[in-house]
Amino acid sequence: MFFDKYSTDGFFDEMFDETGAVRPHYRAILERLSTLTEDKYELKRQAVDLSFLRQGITFTVYGDDEGTEKIFPFDLMPRIIPQSEWEFLERGLTQRIQALNMFLKDVYSEQRIIKEGIIPASYILSGKHFRREFMNVDIPRDIYIHICGTDLIRDEKGNYLVLEDNARSPSGVSYLLENRQAMKRAFPTFFPKAGVRPVENYSEELLNTLQYVAPNGKEDPVCVLLTPGHFNSAYFEHCFLARQMGIEIVEGSDLVVRDFKVYMRTTQGLQQVDVIYRRIDDDFIDPSVFRPDSMLGVPGLVNALRAGNVNIANAIGTGIADDKLIYAFVPDMIRFYMSEEPILGQVETFFASEEKDFTYIMENLDQLVVKSANEAGGYGMLIGPKASKKEVEDFRAMIKADPRNFIAQPPIMLSRHPTWAKGDFEGRHVDLRPYILCGEKTSIVPGGLTRVALNKGSLVVNSSQGGGSKDTWVLYSDE
Amino acid sequence: MRFRVSHTTEYKYAVPASESFAELRVWPQANASQKILSRRLEVSPEARVDQYVDYFGNNVEFFSIPYRHNSLSVTSEANVETCTVQPPQSMLEVSVGEARQIFNSRRYQLFEFMEPSHHVPLDQHKRIRKKFFRQADAYGEALLALNEWIYRNFDYKSGETSISTPIADVVAQRRGVCQDFAHLMLAILRSNGIPARYVSGYIEAYDPEVTDSALVGAAASHAWVEVYLPGGMWWGLDPTNNQTAGERHIEVAFGRDYSDVAPMRGTYKGATDQRLNVIVSLERTKEDTK
């Protein structure tokens, strides 16, 4: 039998409460698993892995010498969220993305939030992703972040906390969709009875969102997905989403700007493009404005945007909203723009650029999590309690050299979830990345990508750093 | 004074380019010290030119040429009337200490001109031991002293530095051109807590009415700095010529450093083999010339 030796070790466990009793919403899956033997479970697991490999559902690890293409490790044991908990998350995330969009509109026009002293000017104006080039550019329907991947974690009491808002070009949604397919194949009779809300309409909602933000409310707009190309770590996802939405996937060289309009080169000549779902960073999107050495972008695109002849999702300059310094002010934004109290909590943040915080960080460096303000994917991060003396000292030097670029947070003991580990289930730390679409309405695909730190005791869930994923089930009910 | 200024940038491609895109910042500013009497832009091959005002308040023109071409030529021509605007003495007499306090109370408006920027890191001129701004110094005098110090201690030498030459090299070699001196001066000013911005423009290098009157500038294209004065005025200082910016300076664009004001920024698709030619001419015109 599974779970005989399972222990929550004092962490918040998603499946079992502190007394070791199974939580109601996990009862059904526990029953199903109890009819399985280790061999049978292992067979299902191998079948799923093989299908991922066959379909080429892979990602790239930068800076790894042994073959960079890897399959994203998948753990068959699903993470389950009861209905009422999900409704709470939906409300909290909707509120948050609205505040972030209002913030971006403000910061690229009136800057009320600076003038009224809510956020110090220096934090915004020194932000690496604050794009002066986009001051006062009209954005269709005032939506800057169309697609957001917000990372949530749970503390030792099970409270959901926002860890970061990925407001630039969040990836991973294809894994969410593929994981679901895999689960359905692995549990063909159990799954339909489990009462799980579907996720399959994500691509349709994404297309609706893109169409809704076409310039001048144009009907039947032409949408394309702009990819940096097949060397990019998320190229699989770019192809996957374009195919699901039934839109063209293009590279920079497939697009051309004429008279401030963007056209796609097709076998039948040029076709005007209205909305670009871009998976290229701001820096590379238009070599005539940003990095002149970029071969990936479309020269002239920014001026076409300025002329209002095309729209891109997400807008340029959204990176200032997921700057880790600005993150600390999101609760204030919610109060300032919406006159509401934040529904979701977040992690306490110390600024290395503030003298008082700086001293505290320096004195407690080995007890804190330090993050670079503008890096993603778990790069540029120090987990003090787990780091070697040398790593701590290296970070100390880096923080001293560029304090604006670092924040520190107390380490949060992420919740744990039963995860397959050689013959039985053991607790592993997990987070959750729901995908939020902001178009005519805000919609959140029920669930999200649950990432799991597969190495025992590890808190880093990023796929590039030894993380895997799970299917996430949102139930129609609380049981 | 009235000037006719003409600024031509010409690219000749060894192999025809299939597309070109460019953003121009060559439209002289209209402000208290200069009036734009007329202005014209010519692009060859012909292209529709659009325009916007950038973050710093500069007029930007942009165009695309989406078909094959062997060369690209852009000419900006303007008739400008200039006058000298002297800052009130009171703004120059405050002490450096007082001035700093005022700047700190306006950090939001001045932030970008007090921080390091791409071409103006604040840690590369450490070899300069001289102390320029003491709390009790009169602000105006201290500024002029720095202006003069750069002029006296650095040689104007064209062709030895480029826009990518770091300030540290300029300091080590004690020579450079106007943009190097402007960047160096910005670095010294900003690291002393003084807001300052980079100005691109033109200078009348020779006074036609006076013999032996040469001012130094890179073929009439010039760069200097503007320093913020308590009271809200930007004061032009030209370290290349040990002068304050006057009637013979024509201001085109300003920003944190060169990268915000590059006269022409663009890309083209084609072979990398290209020849660039820039011709700037500036002539004094009679008062009645339109």
Side-chain angles (χ1 to χ4, degrees), chain A residues 108-109 111-117 119-128 130-138 252-253 255-263 265 270 286-309 317 353 401-402 404, chain B residues 17-25 46-58 60-68 72 103-118 121-123 163-164 190 195 255-257 259-262 264-270 272:
Chain A
Y108 287 113
S109 55
Q111 302 194 327
R112 279 199 307 128
I113 199 155
I114 303 179
K115 286 174 190 154
E116 301 198 13
I119 303 181
S122 59
Y123 292 163
I124 289 173
L125 298 179
S126 65
K128 196 165 128 195
F130 175 62
R131 300 291 178 191
R132 288 164 177 76
E133 299 84 349
F134 267 76
M135 269 319 265
N136 298 316
V137 174
D138 279 333
S253 56
L255 298 180
V256 56
V257 177
R258 289 196 176 173
D259 287 335
F260 322 119
K261 295 185 181 114
V262 179
Y263 295 89
R265 300 177 214 265
L270 294 181
D286 182 347
S288 64
V289 176
F290 300 111
R291 285 179 61 148
D293 55 343
S294 167
M295 304 281 283
L296 305 173
V298 186
L301 175 59
V302 167
N303 286 329
L305 265 169
R306 208 188 302 276
N309 292 327
S353 53
D402 187 6
R404 162 63 177 86
Chain B
S18 56
E19 292 164 12
S20 289
F21 302 85
E23 273 203 355
L24 308 168
R25 282 176 175 78
E46 215 174 304
R48 208 184 106 195
V49 178
D50 214 335
Q51 182 247 325
Y52 70 94
V53 177
D54 76 7
Y55 181 76
F56 297 103
N58 303 307
V60 184
E61 291 157 298
F62 58 96
F63 62 84
S64 62
I65 297 171
Y67 48 83
R68 279 161 69 90
L72 169 63
F103 303 149
N104 279 328
S105 69
R106 289 185 202 157
R107 268 193 84 75
Y108 167 44
Q109 291 93 331
L110 298 172
F111 182 81
E112 297 167 297
F113 302 112
M114 298 176 78
E115 287 288 299
S117 60
H118 182 67
L122 300 188
D123 53 358
I163 191 57
S164 53
R190 289 180 193 170
R256 289 165 297 178
D257 59 33
S259 56
D260 285 335
V261 302
M264 183 159 166
R265 184 200 307 271
T267 52
Y268 68 96
K269 281 186 188 158
T272 51

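Letters A, B, ... mirror the listed sequences (proteins, then strands); counts begin at 1. Below, each value reflects all heavy atoms present in this structure, side chains not excepted, and no hydrogens, waters or symmetry copies.
In this structure, B/R48 CZ and A/D259 CG are separated by 5.5 Å, a value rounded to the nearest 0.5 Å. Between the CE atom in B/M114 and the OG atom in A/S122 there is a gap of 11.5 Å [rounded to 0.5 Å].
Interface remark: A/L125 contributes backbone and side-chain atoms alike to the contact with chain B (heavy atom separation under 4.5 Å). With a 4.5 angstrom heavy-atom cutoff, A/F130 touches chain B only via side-chain atoms. Residue B/D54: no heavy atom, backbone or side chain, is found under 4.5 Å from chain A.
Residues A/S126 and B/F111 have side chains in contact (heavy-atom distance under 4.5 Å, counting atoms from C-beta outward). Taking the side chain as every heavy atom from C-beta outward, B/Y52 and A/R306 approach each other to under 4.5 Å. A 4.5 Å side-chain heavy-atom check between B/E23 and A/N303 finds at least one atom pair inside the cut-off.
Between chain A and the options B/F63, B/Y108, B/Y268, heavy-atom pairs under 4.5 Å are most frequent for B/Y108. Of the listed residues (A/R132, A/M135, A/Q111, A/K115), the greatest number of heavy-atom pairs within a distance under 4.5 Å of chain B belongs to A/R132.
The environment of CD in B/E46 is sparse: at most 12 heavy-atom neighbours from other residues, nucleotides or ligands sit within 6.0 Å. B/R68 CZ: 12 or fewer foreign heavy atoms inside a 6.0 Å radius.
Annotation: B/Y55 is not in aromatic contact with A/F134 [ring centroid separation under 6.0 Å not met].
Counting all heavy atoms, side chain and backbone alike, B/S64 lies closest to A/V257 at OG-O, 3.8 Å.
Of the charged side-chain nitrogens involved, none lies within less than 4.0 Å of a carboxylate oxygen, so that B/R265 and A/E133 do not count as a salt-bridged pair.
Between the side chain of A/R258 and the backbone N or O of B/P66 there is at least one donor-acceptor pair closer than 3.5 Å.
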